[in-house]
Amino acid sequence: MIALPRVGPGNGSLSGADRRLLARAIECGRGGWGRVHPNPMVGALVVRGDEVLGEAFHAGYGGPHAEVSALAAVNDARGATLYCSLEPCNHHGKTPPCTEAILAAGIARVVFWAAEPGAQQKGGAEWLRSRGVVVDGPFGNPSEWAAENPVFFHNPSARVPYVALKLAVSVDGCIAPAAGRRVWLTGEASRREVHRLRAGFDAILVGTRTWEADNPMLTARGAVVPRVPPVAVLLDRRGRASIGLRALRGRPGPRSIVATAPHRARDLAGRLSGCADVVAVPVKGKRLDLAALMEALAARGIGSVLCEGGGVLAASLLREELVDRLYLFIAPVIIGEGGVPAFPVGESGEPALETLRFRGWKSVIDPSRFGNDTLIVLDRGD
Ligand code: AOF
Ligand code: ZN
């Protein structure tokens with residue numbers, strides 16, 4: 001659970017009940033995972049006394065905002081308190097301003113968690129205060145807000161997408177018992193969670209060895225059906241992908257992307273025509289330039305990427321500081337000597353693990369349990 005301070009800058013103090021209700025609004029907002037990005041997950045509650053009259057979350061990109069849906073669920077909200085996980089918007093976008101709906105409904109007090117970052121959308125708290133509504137918020141801090149809604153809070157001027165890396169490791173930090181040998185370390189519950197996570201990203205990226213060895217589908221086949229199925233992105237410096245790959249054919253949503261070296265691009269595009277888009281990416285050393293790849297993906301409108309291995313890609317992304325979030329699934333397995341470390345010594349001799357530590361990575365989200373596995377989420381410091 002995210003810690004909420006007792007007193008916020010909105011002149012107000014939060015009672016225990018306030019904090020519980022705000023936490024519930026945040027949790028409620030999570031129902032929008034996979035359906036609302038790049039807009040935020042937002043939850044809202046209309047409360048009178050200690051009775052929750054209505055609650056709702058933003059359920060679909062471009063659809064009604066959480067505040068408006070929560071108000072719509074209540075017959076008479078006059079004098080009630082609205083708890084929401086984001087400052088109510090104050091703009092005409094795809095929907096009218098929530099501030100006007102809140103005022104019209106006669107809400108007496110608004111308690112919100114995260115400050116609205118958008119230049120056009122912000123100002124809702126002041127607008128409501130100036131019309132006599134008591135407004136308490138924001139609470140928490142920007143890294144907590146970003147942990148909850150990472151894609152929405154991702155720096156809008158960044159030329160690269162928001163990048164998350166998923167790794168499944170043994171207790172002793174290995175991803176496999178030996179180079180080239182692949183095993184499933186994590187259990188069924190973790191795999192289901194990975195499918196749920198996939199639904200919240202624009203793209204799923206894998207390195208060459210992973211698609212060569214596993215022929216993965218890279219679709220989101222979990223409890224959440226994504227609004228837009230994620231794009232599969234395969235690294236293929238040598239241009240060896242074929243139309244038989246499961247990630248390239250017969251999948252829902254946008255066409256898959258195969259990234260290759262510039263001199264392989266024409267040939268490969270000819271062979272894959274009709275089932276994938278080939279993107280030429282400069283080669284750096286012996287590998288595709290991952291920063292250039294990310295820029296190319298951003299230029300195609302991809303705002304978030306979930307990288308799912310293998311180990312070589314993971315280590316390169318970490319070393320090049322391209323990772324914003326690490327989803328680390330730890331399985332109760334010890335691999336022992338000869339195992340392939342998830343965080344190998346970098347090419348410069350600097351261990352990738354040191355990179356993590358010195359850049360001030362933060363554990364903002366509580367660890368969670370999936371079957372016998374533990375998921376640790378680490379967010380990169382500023
Ligand atoms: C949402 N859902 O529940 C809230 C949002 O284009 P619009 O009208 O959907 O407005 C999107 C912006 O509204 C969004 O970027 C965010 O700043 C603000 N609040 N958005 O999609 C919600 N409360
Ligand atoms: Zn709104």
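Counting starts at 1 for both ligands and their atoms, in listed order.
A cation-pi arrangement, defined by a distance under 6.0 Å to the six-membered ring centre and an angle within 45 degrees of its axis, is absent between Arg240 and Trp211.
One option in Val42, Leu86, Asn39 has a heavy atom closer to atom 11 (C) of ligand 1 than any other, and that option is Asn39.
No donor-acceptor contact under 3.5 angstrom links the side chains of Asn155 and Tyr162, judged on distance only.
The closest approach between His92 and ligand 1 stays at or above 4.0 Å for every heavy atom of the residue. At least one heavy atom of Phe152 sits closer than 4.0 Å to an atom of ligand 1.
Under 4.0 Å is where a charged nitrogen must lie from a carboxylate oxygen, and between Asp373 and Arg191 no such pair does. A salt bridge links Glu126 with Arg129: at least one charged nitrogen is closer than 4.0 Å to a carboxylate oxygen. Looking at Arg369 and Glu193, no side-chain N of the basic residue comes within less than 4.0 Å of a carboxylate O on the acidic one, giving no salt bridge.
Ring geometry for His65 against His91 counts as parallel: the plane angle stays under 30°, on a 0 to 90° scale with 60° as the upper cut.
Counting only heavy atoms of the protein, atom 23 (N) of ligand 1 lies nearest to Glu67 OE1, 3.1 Å. The protein heavy-atom contact nearest to atom 18 (C) of ligand 1 is Glu116 OE1, 3.5 Å. Nearest protein neighbour of atom 9 (O) of ligand 1, counting heavy atoms only, is His65 NE2, 2.8 Å. Regarding atom 14 (C) of ligand 1, its nearest protein heavy-atom neighbour is Pro40 CD, 3.9 Å. Closest protein heavy atom to atom 21 (O) of ligand 1: His58 NE2, 2.9 Å.
Contacts of Gln121 with ligand 1, taken as heavy-atom pairs under 4.0 Å, involve the side chain alone.
The only option from Leu317, Val281, Ile302, Asp289 that meets the side chain to side chain contact (heavy atoms under 4.5 Å, CB included) definition with Met294 turns out to be Leu317.
Side-chain atoms of Asp202 come within 3.5 Å of backbone N or O of Gly303 as a donor-acceptor pair. Under the 3.5 Å distance criterion, the side-chain polar atoms of Thr186 are left unmatched by any main-chain donor or acceptor of Ala168.
Listed by number with element, the atoms of ligand 1 under 4.0 angstrom from any heavy atom of Gly93 are 6 (O), 8 (O). Proximity to Ala66 (heavy-atom distance under 4.0 Å) selects the following atoms of ligand 1: 3 (O), 22 (C). The atoms of ligand 1 that sit less than 4.0 Å from any heavy atom of Thr95 are 8 (O).
To the nearest 10 degrees, the Zn ion (ligand 2) sees SG of Cys98 and ND1 of His65 at an angle of 110°.
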